[in-house]
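Structure, as C-alpha cells:
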Amino acid sequence: MVLKMPLPEDELVKERKEKLAQWIKLVGNPYWERFSPQDKIKKIREKFGQIKKGEKTAVNVSIAGRVIAQRAHGKATFFDLKDGTDKIQLYGRFDRLNDKYELLSKIDIGDIIGVKGEVFKTHTGELTVEIEDFTLLAKSLHPLPEKWHGLQDVEIRYRKRWLDLLVNPRVKEIFLARGKIVKTIREFLDKRDFIEVETPIMQYVPGGATARPFKTYHNALGRDFYLRIAPELYLKKLVVGGLEKIYEMNKNFRNEGIDRFHNPEFTMLELYQAYANYFDIMQLTQDIICEVAYKLKGSLKVQYADTEIDFSPPWRKITFKDALREIGKIEVDWTNEENLREVAKSKGLNVEGLSKSQILDHLLDKSVVPHLIQPTIIYDYPFETAPLAKRKKEDPLLVERFELFVSGWEIANAYSELNDPLEQRERLKRSADERFIDEDFLEALEYGMPPTGGLGIGIDRLVMLFTNSASIREVILFPQLRPKKIT
RNA sequence: GAGCCGUUAGCUCAGUAGGUAGAGCAUCGGCCUUUUAAGCCGAGGGUCGCAGGUUCGACUCCUGCACGGCUCACCA
C-alpha cells in the first residue's frame, strides 16, 4: 500500500516551481534567507488601529507571515498578510519600490514573506503597511484553497490539517481552546499540589480497563507489548509508593470501532488522591470543570448545539438505582440475574452472551444516559460494573463509583479505589482475562495502599463540549483515517 | 460488520429524463497607483473516485471496490 501521494505535476505547481527558479536566479535562494520580524500584527493593530483615514504614522515595522490574498492594480498592489496573531493589509507601489516592484509581482498567494514598511491607513479606513522592503522566505508550490469558502471537504481537512488551520479560522480557535483547557486543568491541579507523572504506554499487561488493546513487539527484548488502554494500575502503584496526589494527562489506545465519539488514540486525565473518597472526588470534578468553564468562557453556561448547558453547581446527583427507575423507567432487581435479563430483553436489548455487568451498562446507556443533558452525576453502581472500585460498607453489592454525564455522553468516571489486595485479586480473577492480571499491581496493593479516590476525565469529549464540536475528529489534530491507497 | 448518503477543474459547487461537461474563486496574458470576495477584456485547466457491465453511445443506468460522512452494531 502506497501511503504517500507524489506531488501532482499540474500546471499550477509547475508555474510556481518556475517562479521559484526565476527568483533564485534573480535574488537568491529564499530558503536561505533570514528575517527576524520585530513586530506582531495584532500588536500593530492595537497600537495604530485608531488612526484616521489617510493618516501616516512615520513608524516603520517589520513583520513576517503568509500572503493570503492579493489585489494587483497595475502599478500598485495590495496583499493580505497573516502571521500567528492576526492579518493586515500590505500596499506596494511602483514609485516607492522601483526595480523591486517587478519582483513583487512574483509573490503568490501562499508565499511566506518578511516585510518592512510604514504603517498608515488608507482612504477607505484599512490599516495597512506600505512595503518599503520585502524578502521571500518560503515559496508555496501549491495554491491555497479558496479564500471565500475555505476548505470544506472534511477528508482533506483531516488529512491535510495544515491547510485546514491555514484557511479555516474556527479550526485554529478549537485547538487554541483545547490548549487552554489542558493548561487550565494543569494549573488547577498544580495549585492543589498534584504532581504530574508519566507512566508506561508500552505495557506487558494491558490493565485498568477491559478494552481490546493494540499489540506490538520489542526486538531487543524479544517479546510482545501492548499499548496501554489506561494508566490506572501504574498510577496506583505510585500511590503505594507515597505519591499522594498525582495525575497524568494520558494518551490511551483502544482497538475498537471508530465513530464520532471514539478515536483509537484519545486523551484522558487520570488523577489519584490519597485519603480521599468518591465524594471528595465528586467535589473535585465539579471544581475542575467549573474552572475550565470560567477560564475559557468566563461563564458556567456553555452553548452546545441548540442546548445551553449550565455547569452551575451543585450538579444533579442520583444513584444508579434511582436513575434506572426515575429516568429510565426501569424496575429491576439486578441481584436476580434472571430478572435482569428479562427486563433488559423487554427493553429491546440483545442480552445473548453478555455478562451481568455488560447488561447493566447497556441498560444505563440505552435508557438513562441519553436523557442526561445537563451535568448529572450517577453514583453507587452495582459492584459488577467496576472491579477496581471499593464496595460500599453499608451495601456491599454496590461500589463507591460515580460517572458524570453531560449532553448525553459520559465525561468522567471515578471511584474510591479498592485497596484490599485480597478482594482485588478475587474481583479481577472473576472479571478479567487471566493473562491480563497485573501481578505487580496486586503485589503493590499487598504492601498497603492508602484509601484513595481516583478520577478519569475524557479530555477529547470535554473539548467537544466546550468548543461546540459535533465530532471527536474536530478536536483531534490528526484523527485516525484509513490510509488512502494510491495505485 | 450492516444500512443510507457522498466523491465532477487546485478550492467551492452547478449539471446532463444516456449524446464524452459549466460557473465563481485561484492560475496565465492584457489594461489599471488607495483596493479589500477590486474591476474590465481574453486564455488555459477535467481519464466526472477506481474497475467492470448494459448500450450504437455512460459523468448519468447496473455491479463490485476504495475513501469519507451519518446511523446502527461492537465497545468500561
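What you see is a predicted model; the values in this text were computed from it and never measured. The figures here come from the full heavy-atom set of this structure, side chains too, leaving out hydrogens, waters and symmetry mates.
- Distances shown here put every side-chain N or O of A/Arg212 at or beyond 4.0 Å from the OP1 or OP2 atom of B/C75.
- In this structure B/C72 sits in a base pair with B/G1, meeting the Watson-Crick or G-U test at under 3.5 Å.
- B/C32 makes up no base pair with any nucleotide shown, lacking Watson-Crick or G-U wobble contacts both under 3.5 Å.
- Here the two rings, on A/Phe402 and A/Trp315, have centers that are 6.0 Å apart or farther.
- Distance, A/His123 NE2 to B/U36 P: 14 Å, rounded to whole Å.
- Nearest nucleotide to the side chain of A/Glu155, out of B/A76, B/G68, B/C32: B/G68.
- A perpendicular orientation is assigned to the rings of A/Phe78 and A/His73, their planes being inclined by more than 60° (bins at 30° and 60°).
- Using a 4.0 Å heavy-atom cutoff across all strands shown, A/Arg157 reaches no nucleic acid atom at all.
- Residue contacts for A/Arg93: at a heavy-atom cut-off of 4.0 Å it reaches a base atom on one of the strands shown.
- Listed pair A/Lys75 / B/U34 fails the phosphate criterion, with no side-chain N or O lying under 4.0 Å from OP1 or OP2.
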(request) Determine, step by step, whether A/Ile378 and A/Leu372 satisfy the side chain to side chain contact (heavy atoms under 4.5 Å, CB included) criterion, reporting the C-alpha distance in whole Å, the side-chain angles of both residues, the deciding distance to 0.1 Å, and the verdict. (result) CA-CA 10 Å; A/Ile378 294 186; A/Leu372 307 180; 3.6 Å; yes
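- None of A/Ile63, A/Leu81, A/Ile131 except one satisfies the side-chain contact (heavy atoms from CB on, under 4.5 Å) rule with A/Ile113; the exception is A/Leu81.
- Distance A/Ile156 CD1 to B/G69 P: 13 Å, rounded to the nearest Å.
- Base pairing of B/C11: its partner is B/G24, meeting the Watson-Crick or G-U wobble criterion (both donor-acceptor distances under 3.5 Å).
- Ring geometry for A/Phe279 versus A/Tyr379: interplanar angle over 60°, hence perpendicular rather than tilted (30 to 60°).
- Minimum atom distance to the side chain of A/Gln152 is reached by B/C13, of the listed B/G69, B/U71, B/C13.
- In this structure, A/Lys121 reaches neither bases nor backbone, as no heavy-atom distance under 4.0 Å exists between it and the strands shown.
- Between A/Phe79 atom CZ and B/U33 atom C1' there is a gap of 14 Å when expressed in whole angstrom units.
- Nucleotide B/G6 is matched to B/C67 when pairs are restricted to Watson-Crick or G-U wobble geometry with both distances under 3.5 angstrom.
- Residue A/Leu481 is in sugar-phosphate contact alone, with no base atom involved, counting any heavy-atom pair closer than 4.0 Å across all strands shown.
- Between A/Ile229 atom CD1 and B/C74 atom P the separation is 19 Å, expressed in whole Å.
- Across B/C67, B/U33, B/U35, the shortest atom-to-atom separation from the side chain of A/Arg482 is found for B/C67.
- When distances run from any side-chain atom of A/Asp259 to the nucleotides B/U36, B/A73, B/A26, the shortest one goes to B/A73.
- Applying the 4.0 Å criterion to OP1 and OP2 of B/U34, one finds that A/Thr122 has every side-chain N and O outside that range.
- Of the candidate nucleotides B/U12, B/G69, B/U35, B/U12 has the atom lying nearest to any side-chain atom of A/Glu146.
- Computed from coordinates, the A/Gln70 CD to B/U36 P distance equals 15 Å when rounded to whole Å.
- Contacts between residues 397-415 of chain A and RNA chain B, defined by a heavy-atom separation under 4.0 Å, are absent.
- Counting only heavy atoms from C-beta on, A/Tyr91 has its side chain closest to B/U34 among B/U34, B/C11, B/G10.
- Computed from coordinates, the A/Phe261 CZ to B/C74 P distance equals 16 Å when rounded to whole Å.
- In this structure, the CZ atom of A/Phe383 is 16 Å from the C1' atom of B/A76, given to the nearest Å.
- Closest to the side chain of A/Leu151, from the set B/U12, B/A76, B/A73, is B/U12.
- A/Arg16 comes within 4.0 angstrom of nothing in the nucleic acid, heavy atoms only.
- Considering only side-chain N and O atoms, A/Arg71 lies nowhere under 4.0 angstrom from the phosphate OP1 or OP2 of B/U33.
- When both pairing distances are held under 3.5 Å, B/A58 makes no Watson-Crick or G-U pair with any nucleotide shown.
- If you check every strand for non-hydrogen atoms under 4.0 Å, A/Gly150 touches sugar and phosphate atoms only.
- Within 4.0 Å (heavy atoms only), A/Pro479 reaches no atom of the nucleic acid at all.
- Residue contacts shown for A/Ala72 include a base, since a base heavy atom lies under 4.0 Å away.
- A close approach under 4.0 Å does occur between a side-chain nitrogen or oxygen of A/Gln358 and OP1 or OP2 of B/C75.
- Using a 4.0 Å heavy-atom criterion, one finds that A/Asp153 contacts the sugar-phosphate atoms exclusively.
- For B/A17, there is no paired nucleotide, since no Watson-Crick or G-U wobble pair has both relevant distances below 3.5 Å.
- In the set B/C75, B/G69, B/C70, B/C75 carries the atom at the smallest distance from any side-chain atom of A/Glu256.
- When the C1' atom of B/A76 is taken as reference, atom CG of A/Leu455 falls 15 Å away, rounded to whole Å.
- In this structure, the nucleotide among B/C70, B/U34, B/U36 sitting nearest to the side chain of A/Arg473 is B/C70.
- Among the heavy atoms of the strands, none lies under 4.0 Å from A/Lys356.
- When distances are taken from the side chain of A/Tyr158 to each of B/U35, B/G69, B/A37, the shortest belongs to B/G69.
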